[in-house]
Protein chains: 6
Amino acid sequence: MSETERVKTGIKGLDELIEGGLPRGFSFLLLGGPGTGKTTFGVQYLYKGATEFEDGGMYVTFDEPPYSIAGNSERYGWNLVEQEKAGKIAFVDASPIKSAAARTATFVPPSLGQSFLGGAKFNIDNIVAAIKEVKQKVNAKRCVIDSITALTLQYKDDFEIRQQTLKLIKDLTEMGLTTIMLAENPEDRQDLTRFGAEAFLAQGVIVLHMYRVEESNVKALEVRKMRGAKHTDRLCPYRITAEGIEVYPEETVFRSV
Amino acid sequence: MSETERVKTGIKGLDELIEGGLPRGFSFLLLGGPGTGKTTFGVQYLYKGATEFEDGGMYVTFDEPPYSIAGNSERYGWNLVEQEKAGKIAFVDASPIKSAAARTATFVPPSLGQSFLGGAKFNIDNIVAAIKEVKQKVNAKRCVIDSITALTLQYKDDFEIRQQTLKLIKDLTEMGLTTIMLAENPEDRQDLTRFGAEAFLAQGVIVLHMYRVEESNVKALEVRKMRGAKHTDRLCPYRITAEGIEVYPEETVFRSV
Amino acid sequence: MSETERVKTGIKGLDELIEGGLPRGFSFLLLGGPGTGKTTFGVQYLYKGATEFEDGGMYVTFDEPPYSIAGNSERYGWNLVEQEKAGKIAFVDASPIKSAAARTATFVPPSLGQSFLGGAKFNIDNIVAAIKEVKQKVNAKRCVIDSITALTLQYKDDFEIRQQTLKLIKDLTEMGLTTIMLAENPEDRQDLTRFGAEAFLAQGVIVLHMYRVEESNVKALEVRKMRGAKHTDRLCPYRITAEGIEVYPEETVFRSV
Amino acid sequence: MSETERVKTGIKGLDELIEGGLPRGFSFLLLGGPGTGKTTFGVQYLYKGATEFEDGGMYVTFDEPPYSIAGNSERYGWNLVEQEKAGKIAFVDASPIKSAAARTATFVPPSLGQSFLGGAKFNIDNIVAAIKEVKQKVNAKRCVIDSITALTLQYKDDFEIRQQTLKLIKDLTEMGLTTIMLAENPEDRQDLTRFGAEAFLAQGVIVLHMYRVEESNVKALEVRKMRGAKHTDRLCPYRITAEGIEVYPEETVFRSV
Amino acid sequence: MSETERVKTGIKGLDELIEGGLPRGFSFLLLGGPGTGKTTFGVQYLYKGATEFEDGGMYVTFDEPPYSIAGNSERYGWNLVEQEKAGKIAFVDASPIKSAAARTATFVPPSLGQSFLGGAKFNIDNIVAAIKEVKQKVNAKRCVIDSITALTLQYKDDFEIRQQTLKLIKDLTEMGLTTIMLAENPEDRQDLTRFGAEAFLAQGVIVLHMYRVEESNVKALEVRKMRGAKHTDRLCPYRITAEGIEVYPEETVFRSV
Amino acid sequence: MSETERVKTGIKGLDELIEGGLPRGFSFLLLGGPGTGKTTFGVQYLYKGATEFEDGGMYVTFDEPPYSIAGNSERYGWNLVEQEKAGKIAFVDASPIKSAAARTATFVPPSLGQSFLGGAKFNIDNIVAAIKEVKQKVNAKRCVIDSITALTLQYKDDFEIRQQTLKLIKDLTEMGLTTIMLAENPEDRQDLTRFGAEAFLAQGVIVLHMYRVEESNVKALEVRKMRGAKHTDRLCPYRITAEGIEVYPEETVFRSV
């Protein structure tokens with residue numbers, strides 16, 4: 001237990017901010033508003049894991065269907081279909097959207113998704129069961145939950161949200177997965193970031209900010225919390241480039257060099 | 001799936017901000033307060049589609065009746081009645097307002113609308129069924145929902161709003177439509193923009209802002225999110241001119257050249 | 001349908017802001033806090049309509065009784081009693097206040113009002129029936145609803161407010177009336193103006209603002225939205241003078257010439 | 001009905017702001033936070049009415065008992081007990097507080113108060129009945145309600161508050177009383193004045209403000225609304241002096257001469 | 001009733017701000033956030049009353065147990081145990097906390113407290129009965145309620161809070177007590193001070209503010225309201241010294257001399 | 001009772017701010033957002049207590065499992081496993097997360113935790129019973145509750161939260177423990193710190209702030225309240241160093257020396 005093993009995120013510039021990577025075996029929260037690149041972050045984490053660090057990965061999606069995630073990833077040169085065929089990345093498809101295109105695509109999502117929309121509510125136990133099953137196939141060590149918001153929205157009660165989130169984290173931890181849970185942050189613009197139970201329960205919290213500086217939107221990443229890791233407390237600018245997300249630890253956010 | 005096909009919006013100055021147009025086959029959110037020109041945006045998208053890009057289009061309206069939309073569009077030189085006769089644009093009329101004028105107009109709305117006000121609530125399945133039916137007639141490739149707010153207001157629960165929005169997006173996607181969903185943003189002035197589930201679920205989000213600069217209202221368009229497209233993150237001024245909405249990517253909002 | 005006919009408001013300086021007047025046959029929202037002159041605006045619209053533009057008019061009042069409205073209008077030289085006798089203006093009196101003075105006044109309000117207070121809730125259908133009946137007598141083309149707030153307050157649910165507002169607008173439209181709906185805006189001072197469903201559903205929205213500039217209250221009119229009309233987006237100062245409301249499109253609000 | 005009769009308030013400096021006084025026969029709202037002098041304003045209005053303008057008056061109190069109001073008024077030289085004996089001012093005591101002192105005082109409150117605390121809720125009809133009865137004895141022309149807040153607090157529903165307030169105003173109007181309704185404004189400090197139904201329903205609204213200017217509290221009176229009267233729209237400083245409230249229309253609030 | 005008798009607070013510097021002291025026989029509100037010294041203020045008021053002004057006193061506590069209050073008071077040199085033995089100060093102990101230390105201490109709280117925690121809710125009648133009983137023993141003229149917040153928190157409804165507060169004030173008044181009711185003010189920092197029913201019902205309101213000036217917390221006392229007493233409307237700095245609370249009427253808060 | 005005994009916190013720089021340490025035998029609140037170091041503070045308090053001040057300690061955890069807390073503490077050189085074996089520190093494990101690693105670790109948490117997740121709600125009585133039992137084994141004098149938020153979240157009602165918090169504090173006090181209760185503060189960034197019942201009921205309140213100064217997050221500790229102790233009212237910077245939390249009473253927060 002002494003030396004914590006690190007999981008390289010594959011996000012250029014990020015690992016050096018957190019002592020080399022995410023502490024292996026825990027769950028982390030990635031908070032951001034629409035357009036901040038949460039999904040890109042999640043896919044990059046898995047794709048780099050599979051292609052550069054020999055880690056299998058799973059993408060659990062509640063909203064956007066796998067074929068769409070895969071399609072949008074192509075612009076960064078990440079071929080998820082290829083990785084899936086190679087048995088290195090798998091999707092748990094809990095998204096209710098199945099386009100005609102998707103149905104004829106070579107990219108076949110696991111059969112789980114279809115059943116979710118029928119029932120009124122997701123069930124953490126079912127989700128976990130599906131994750132366990134799919135995990136075997138790709139020997140996954142990394143996991144992305146897109147999004148924890150979609151999952152907890154069904155609970156009305158702060159107490160129940162806390163209990164269910166703890167339960168999910170517990171199960172992911174027992175499976176030995178290093179998980180990034182994407183979370184929607186609807187009001188970041190005003191810098192009114194409100195942290196819910198997830199932020200307190202997760203082992204670490206990374207926030208993707210978007211500021212309007214005059215007429216531009218400037219993006220900045222903040223490592224808000226990282227248990228068991230010395231981490232910077234500076235805001236670091238990031239951009240979504242043709243190669244994916246890049247963080248610039250050396251640059252400043254508000255007066256760019 | 002490699003090269004995403006683009007749908008030209010017909011909004012002058014907008015397409016160049018989003019790599020040539022909206023990614024075909026997805027749903028997008030257009031957010032704005034009263035008076036920002038959401039309806040004009042929607043009509044322009046369909047009219048230009050029909051007259052310049054050979055795309056049939058459908059306008060699904062829950063509030064303002066088709067004859068009124070058509071009447072107000074004339075000021076821009078857009079003859080919707082003509083397009084309807086030519087079988088290029090169709091309305092799904094879920095608006096409860098039928099004026100005497102409307103009843104005698106050559107512009108005959110589909111019979112769907114009348115029945116909605118009778119029942120207590122809209123039904124997504126009925127709406128989708130009507131869209132499917134009308135879509136055949138005009139071979140529609142573009143769709144405008146005016147407004148998603150009217151549709152989701154009947155649901156009390158964030159979870160249900162999310163589920164129903166996902167269901168609608170799923171069905172529109174399966175029909176192959178490229179859809180703009182108009183959404184009411186009642187508090188933009190204070191810049192406390194709240195993005196709900198719709199913003200997270202849509203493939204892209206365009207926001208129409210209105211700022212009071214001294215004694216004038218200045219309008220600015222923001223591409224907040226556009227999955228699968230590199231897009232500007234600048235605020236771009238726009239105006240509602242005699243030819244419709246025009247965006248000025250080269251100008252600045254707060255210190256106009 | 002090509003050239004929209006315009007209804008002159010009779011508010012000095014306003015018509016030129018909206019291409020000559022309100023588009024005939026639609027419903028408009030007039031939003032303002034206490035003391036901004038909403039009632040004066042409404043009476044002036046009807047009185048000028050009757051005396052200068054040959055339009056009969058109806059004033060539907062839910063709070064202030066007709067005799068009081070008539071009494072307060074005298075200071076502007078508007079004799080409503082005279083107009084009522086001449087069959088040019090009529091009241092639909094849904095106000096619960098009947099003073100002794102009122103009962104002996106020559107000004108006899110329609111018999112409708114009394115019954116409203118008895119029942120727990122107003123009924124849109126009854127209101128519309130009364131409007132229809134009274135409309136015949138004065139051949140009304142203009143209508144003022146004072147206030148839409150009083151009418152919608154009984155509904156708890158945003159969805160129902162929307163439905164009922166749509167129903168009212170629909171019925172007023174079918175009767176061919178050009179209607180101004182007064183609405184209470186309880187928080188204008190802080191500029192926290194909240195536009196509800198009414199603002200999105202109305203064909204146009206005019207806001208009466210009141211700002212404290214040092215120790216004075218400065219009034220300013222804003223045409224927030226006007227479908228089918230090119231309109232200014234400047235804040236225009238207005239005053240309540242001995243001749244009623246006057247708007248000054250040439251002046252500035254915050255640095256008066 | 002032509003020339004509205006004016007009721008002199010007896011507040012030095014105020015009448016000249018509102019064309020000579022309050023329009024006779026209507027109800028007005030006086031809004032202020034704790035410590036702004038609402039009760040002093042109300043007592044002064046009645047006392048000056050009785051001693052200088054030959055108007056009988058009634059003070060309806062829901063919170064502070066008559067003996068306490070009378071005791072605190074002595075510091076201004078206003079002897080209410082004397083006025084009560086002379087049959088010029090009467091109290092309707094709906095306050096639940098009866099001190100030993102009060103019971104032995106020469107100042108005997110009407111018997112009404114006691115019964116209120118017993119029942120769970122005030123009843124507008126009972127209040128009105130008591131007002132009617134007491135009104136006969138002193139031939140009251142002026143009335144103070146202290147406070148409308150205490151009266152409407154029992155209603156949970158905005159619609160019911162509106163209906164009950166209208167009913168009260170209607171009954172006071174029918175009795176020919178010129179009434180000042182005191183209202184608690186809990187958040188004035190931040191200038192977040194929120195106007196409730198009372199402000200929209202009353203014939204006039206006067207607001208007592210309190211500003212912190214550096215380390216002092218500065219008081220300012222605003223005539224926010226006054227139907228049927230031309231009124232100033234300036235903030236006027238006021239002070240609570242040894243002679244009661246005095247308004248200084250010639251002075252400025254923030255840079256005192 | 002003519003000359004109001006004054007109760008010296010024993011707070012250095014305060015009495016001169018309010019014409020010599022609190023008007024005898026009434027109830028006052030002391031509002032403050034955590035750490036502003038409310039309890040110290042209350043104890044000082046009683047201790048000085050007992051030792052310097054010959055007034056017996058009672059401390060009614062709902063949260064902190066008497067032994068703890070007594071222990072913390074020692075740092076100011078106030079020996080409450082001594083005063084209790086001398087029959088000059090008594091506690092009504094409604095606190096649920098009884099430490100082992102407390103049970104063996106010479107300081108024996110009245111037997112009332114124990115029973116409260118058992119029942120689900122406090123009962124104003126029981127509290128008042130206990131106050132009456134204990135009052136006899138020490139011939140109390142002063143009373144501190146710590147806190148009115150603890151007492152009213154059990155009521156969900158603004159109307160009921162108002163009624164119960166009135167009832168308590170009424171009973172305290174009938175007993176002839178001059179009472180300070182401590183109240184928790186959780187958001188003073190933002191200066192969004194909300195004054196509830198208690199502030200309107202009490203005879204006077206004193207607010208303890210805490211401002212962050214750069215990196216220090218500056219304390220300031222404000223006499224917000226004091227019926228029947230001319231009082232300063234300046235913010236006065238205060239400090240918690242080794243002798244208790246001291247107010248500095250001659251100093252300024254933000255630019256200390 | 002005269003001289004209050006002090007408990008040294010072991011947080012470098014803190015004790016001198018509060019007259020040498022926390023008053024022994026009471027409960028204190030430590031408020032902070034995610035990433036402010038609350039858990040580190042709690043562990044340091046116990047570890048230093050056990051290794052430097054001969055005080056046994058207990059860590060009651062509702063969220064993060066003991067093995068994870070222990071693992072993260074190693075980076076500061078604090079070997080909790082060693083201390084547990086030596087019988088100086090014990091965990092009450094009410095966390096629902098048990099990783100495979102944890103199960104095989106030498107670090108065996110008490111059997112209490114497992115049962116909690118099964119039941120719907122925590123029970124203060126059960127928690128207290130467990131604390132009592134474990135307290136015997138290590139002769140604990142110090143206690144950390146991580147977190148009071150997790151415990152009170154199950155209560156919907158402010159009154160019940162207050163009662164339950166009082167009950168817990170009462171029981172901890174009776175056991176003679178000096179307790180630090182960690183509390184989550186979800187909105188610190190905007191300085192909208194809301195102090196709930198816990199802050200008013202605790203004997204002292206320490207707040208961990210995090211400010212964004214340009215692009216860095218600056219941390220500052222505030223002793224907001226400390227009954228029975230003279231304490232600084234300055235904001236003091238602190239950092240999380242390789243040796244744990246260090247407070248710098250001599251430095252300034254916003255213009256670091």
Side-chain angles (χ1 to χ4, degrees), chain E residues 33-40 62-65 67-75 79 81 95-103 105-107 116-117 120-122 147 149-150 152-156 182 184-190 192 210 212-219 239-242, chain F residues 1-4 19 23 25-27 29 157-176 190-205 207 209 220 222-237 251-255:
Chain E
T36 52
K38 290 185 305 296
T39 297
T40 302
F62 292 95
D63 298 332
E64 202 185 354
Y67 80 92
S68 167
I69 296 173
N72 289 335
S73 300
E74 288 173 22
R75 60 177 299 108
N79 193 327
V81 178
S95 80
I97 307 177
K98 309 279 170 286
S99 78
R103 281 193 292 255
T106 54
F107 196 103
F116 281 160
L117 197 68
K121 304 209 169 188
F122 300 109
S147 64
T149 314
T152 56
L153 205 59
Q154 62 185 298
Y155 306 110
K156 298 290 156 284
L182 312 186
E184 298 171 4
N185 186 18
E187 291 183 281
D188 178 58
R189 278 302 185 78
Q190 289 306 95
L192 282 168
M210 216 161 155
R212 191 178 297 164
V213 174
E214 289 174 356
E215 302 175 22
S216 299
N217 284 322
V218 171
K219 296 186 183 73
R239 283 179 218 117
I240 306 181
T241 73
Chain F
M1 204 182 295
S2 52
E3 269 300 292
T4 317
E19 292 193 331
F26 292 100
S27 294
L29 195 73
D157 180 316
D158 283 351
F159 182 70
E160 205 181 355
I161 288 173
R162 192 180 196 99
Q163 292 302 95
Q164 294 295 332
T165 305
L166 270 170
K167 197 173 165 186
L168 177 67
I169 290 177
K170 169 186 168 257
D171 289 338
L172 294 167
T173 303
E174 290 190 347
M175 286 188 252
Q190 289 307 95
D191 209 13
L192 282 167
T193 310
R194 260 189 82 92
F195 295 94
E198 298 89 340
F200 286 99
L201 300 178
Q203 199 73 5
V205 177
V207 188
H209 295 283
E222 175 192 12
V223 181
R224 179 73 165 115
K225 162 175 156 183
M226 192 60 62
R227 280 187 183 149
K230 187 169 163 55
H231 61 88
T232 189
D233 48 17
R234 283 185 59 247
L235 272 186
C236 296
E251 296 187 14
T252 57
V253 178
F254 296 113
R255 285 145 309 169

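Nothing here was measured: the structure is a model prediction, and the numbers come from that model. Lettering of chains follows the sequences in order, A, B, ..., and the numbering in each one begins at 1.
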- Task: Go through the atoms of F/Glu160 and report whether side chain, backbone, both or neither lie under 4.5 Å from a heavy atom of chain E.
- Result: neither
- CD-CZ distance between F/Glu19 and E/Arg75, expressed to the nearest 0.5 angstrom: 4.5 Å
- Task: Sequence neighbours left out, what passes salt bridge (Lys or Arg N to Asp or Glu O under 4.0 Å) with F/Arg227? Give chain and number order.
- Result: E/Glu64
- Quick one: closest heavy-atom pair of F/Thr173 and E/Tyr67, and the distance? CG2-OH, 3.3 Å
- Query: Which pair of non-hydrogen atoms, one from F/Arg162 and one from E/Ser147, has the smallest distance, and what is that distance?
  - Reply: NH2-OG, 4.1 Å
- E/Thr40 versus chain F, the contacting section by heavy-atom distance below 4.5 Å: neither
- Message: Applying side chain to side chain contact (heavy atoms under 4.5 Å, CB included), can you list everything that pairs with E/Ser73, at least two apart in sequence or on another chain?
- Response: E/Val43, E/Ile69, E/Trp78, E/Leu80
- Query: Which value, rounded to the nearest 0.5 Å, describes the distance between E/Thr149 atom OG1 and F/Phe200 atom CZ?
  - Reply: 7.0 Å
- Note on the structure: In this structure, CZ of F/Phe26 is separated from CG of E/Asn72 (nearest 0.5 Å) by 6.0 Å
- Polar side-chain atom of F/Arg224 near backbone of E/Pro34 as donor-acceptor pair, under 3.5 Å: yes
